[in-house]
**Q** 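To start, I am sharing the structure in question, which I have written as structure tokens.
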Amino acid sequence: MTQSGSNRRYEFVGYTVADGVAEITLDRPAVLNAFTRPMAKELQGALQDAAGDPAVRAVLLTGAGRAFCAGQDLAEAVPQDAPAPPIEDIVRATYNPTVLAIRSIEKPVIAAVNGVAAGAGANLAFACDIVLASEQATFIQAFAKIGLIPDTGGTFFLPRLVGVHRATAMMMLGEKVTAAEAHAMGLVWRMYPASQLLESAREFTRHLATQPTRAFGLTKRALNASLGNSLEQQLDLEAKLQAEAGASHDFAEGVQAFLQKRPPAFQGR
Ligand code: T3D
């Protein structure tokens with residue numbers, strides 16, 4: 001299903017569903033898809049749509065034009081002709097629910113970083129389950145350049161992804177990290193030539209959408225919990241979640257397919 005023109009569900013976010021994949025496109029290319037509150041609300045709506053639609057078994061998040069996302073729209077944050085809205089309110093309304101939505105959707109959420117990802121835009125990508133990137137993509141913890149601290153979960157995910165020292169350097173220097181550097185640090189799973197990123201990311205996500213979605217959802221729940229659990233708690237959780245996975249149609253199908261030496265036909269339940 002493609003949505004364009006008057007059929008389009010959202011103004012600042014593209015949302016289409018095809019082949020089990022919800023493709024969400026941040027769509028304010030004139031300002032490098034910088035976040036305003038309306039765009040964030042729409043992104044949260046699109047994520048909710050994807051979470052609740054049984055036809056969606058994986059989500060692809062990308063940006064329109066030459067950028068993934070330049071973070072907070074600074075013209076909105078600091079209007080030149082009106083008092084600035086409280087920053088805390090922006091963070092609480094814009095970024096916190098978006099990150100929580102990505103982490104709580106029990107389906108894979110893949111970021112296809114097509115260009116610069118700065119500030120909240122970078123940390124939005126790092127909150128996703130797998131990050132794919134164009135060879136031309138860059139990641140910038142831009143916050144320090146304007147006297148802010150990293151938000152959008154950056155101080156939670158980055159030290160866990162790359163270690164405290166590298167995260168600190170990225171955050172205090174605000175330097176451009178190239179896709180190749182991000183790949184070497186494990187922030188990016190796979191890089192593609194710019195012209196091939198979107199099609200490759202679609203194929204990648206379509207593949208995930210044919211896989212055991214229920215088990216993926218439970219895997220994601222376990223990974224989320226592992227970030228705060230002790231080993232004992234995590235082993236206990238694994239046992240419980242494995243009971244759920246073991247009761248799924250896809251487990252029965254996966255085992256039968258293996259024994260019958262044929263590819264499995266997972267239904268995501
Ligand atoms: O309320 C709060 O502030 C709290 C929340 C904070 C979360 C955050 O994300 S804070 C960090 C905000 N983001 C930034 O500081 C990044 C600002 N942008 C840049 O540093 C550069 O634009 C980039 C490095 C991302 C890209 O540089 P470049 O040279 O490729 O593009 P450009 O020419 O700077 O930008 C193109 C246009 O997009 C330009 O508009 P123009 O001149 O063509 O009319 C530029 O003003 C606009 N733009 C880019 N980023 C933003 C933006 N407009 C508003 N807000 C932006 N973040």
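Sequential numbering from 1 along the given sequence is applied to the chain's residues.
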**Q** Could you tell me which non-hydrogen atom of L197 sits nearest to which non-hydrogen atom of Y192, and how far apart they are?
**A**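 Result for this residue pair: CD1-CD1, 3.7 Å.
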**Q** D236 pairs by side chain to side chain donor-acceptor pair (under 3.5 Å) with which of Q234, K240, Q233?
**A** K240
**Q** Are D129 and K107 ion-paired here, with the side-chain N under 4.0 Å from a carboxylate O?
**A**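 K107 and D129: not salt-bridged.
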**Q** Going from CD on Q44 to CD1 on I102, what distance comes out if it is rounded to the nearest 0.5 angstrom?
**A**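 Q44 atom CD to I102 atom CD1 measures 9.5 Å (nearest 0.5 Å).
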**Q** Check E11 with R28, please: is the shortest side-chain N to carboxylate O separation under 4.0 Å?
**A** no
**Q** Taking R160 for its side chain and F156 for its backbone only, find out whether a donor-acceptor pair lies under 3.5 Å.
**A**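 Yes: the side chain of R160 pairs with the backbone of F156.
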**Q** Tell me if a side-chain donor or acceptor on Y15 pairs with a main-chain N or O of A50 at a distance below 3.5 Å.
**A**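 Side chain of Y15 to backbone of A50, a donor-acceptor pair under 3.5 Å: yes, one is there.
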**Q** Taking Q267's backbone N and O only, do any of them form a donor-acceptor pair with D250's side chain (distance below 3.5 Å, no angle check)?
**A**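 Side chain of D250 to backbone of Q267, a donor-acceptor pair under 3.5 Å: yes, one is there.
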**Q** Passes side chain to side chain contact (heavy atoms under 4.5 Å, CB included), Q211 versus R57? Steps please.
**A** CA-CA 8 Å; Q211 296 303 296; R57 290 172 60 187; 5.7 Å; no
**Q** Do you know which of W189, F157, F139 makes ring pair (Phe, Tyr, Trp, His ring centres under 6.0 Å) with F126?
**A**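 So, applying the ring pair (Phe, Tyr, Trp, His ring centres under 6.0 Å) to F126 and each of W189, F157, F139, only F139 qualifies.
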**Q** Check this for me: does any side-chain nitrogen of one of R202 and E199 sit under 4.0 Å from a carboxylate oxygen of the other?
**A**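 Yes.
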**Q** State, without any angle test, whether E76 and Q72 hold a side-chain donor-acceptor pair at a distance under 3.5 Å.
**A** yes
**Q** Do you know which two heavy atoms are closest between A133 and A179, and how far apart they sit?
**A** CB-CB, 4.4 Å
**Q** Indicate yes or no for a side-chain donor-acceptor contact from S134 to the backbone of Q136 under 3.5 Å, with no hydrogens or angles considered.
**A** yes
**Q** Treating N224 as the side-chain partner and S104 as the backbone partner, does any N or O pair qualify as donor plus acceptor under 3.5 Å?
**A**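 Answer holds: no.
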**Q** Is there a donor-acceptor contact under 3.5 Å from the side chain of S248 to the main chain of A245?
**A** yes
**Q** Given 3.5 Å as the limit, does a donor-acceptor pair link the side chain of D27 with the main chain of F12, or not?
**A**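 Side chain of D27 to backbone of F12: no pair is present.
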**Q** So, E244 and R214, do they make that salt bridge, N to O below 4.0 Å?
**A**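 Answer for the salt bridge query: yes.
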**Q** One pair to check against side chain to side chain contact (heavy atoms under 4.5 Å, CB included): V21 and V56. What are the steps and the verdict?
**A** CA-CA 5 Å; V21 174; V56 171; over 6 Å; no
**Q** Looking at E42 and V13, what are the two nearest heavy atoms and their distance?
**A**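 Looking at all heavy atoms of both residues, the closest pair is OE1-N, 3.3 Å.
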**Q** Tell me whether the guanidinium CZ or amine NZ of R8 lies under 6.0 angstrom from the six-membered ring centre of Y10 and within 45° of its axis.
**A**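 Here R8 fails the 6.0 Å and 45° test against Y10.
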**Q** Kindly indicate, with the supporting measurements, whether the criterion side chain to side chain contact (heavy atoms under 4.5 Å, CB included) is fulfilled by L61 and C128.
**A** CA-CA 9 Å; L61 177 62; C128 293; 4.0 Å; yes
**Q** Under 3.5 Å, is there a donor-acceptor pair linking the side chains of E238 and Q242?
**A** no
**Q** List the atom of V116, the atom of A67, and the distance in Å for their closest heavy-atom pair.
**A**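 The pair with the smallest heavy-atom distance is CG1-CB, 3.7 Å.
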**Q** Are the side chains of T98 and T152 in contact, using a 4.5 Å heavy-atom criterion?
**A** no
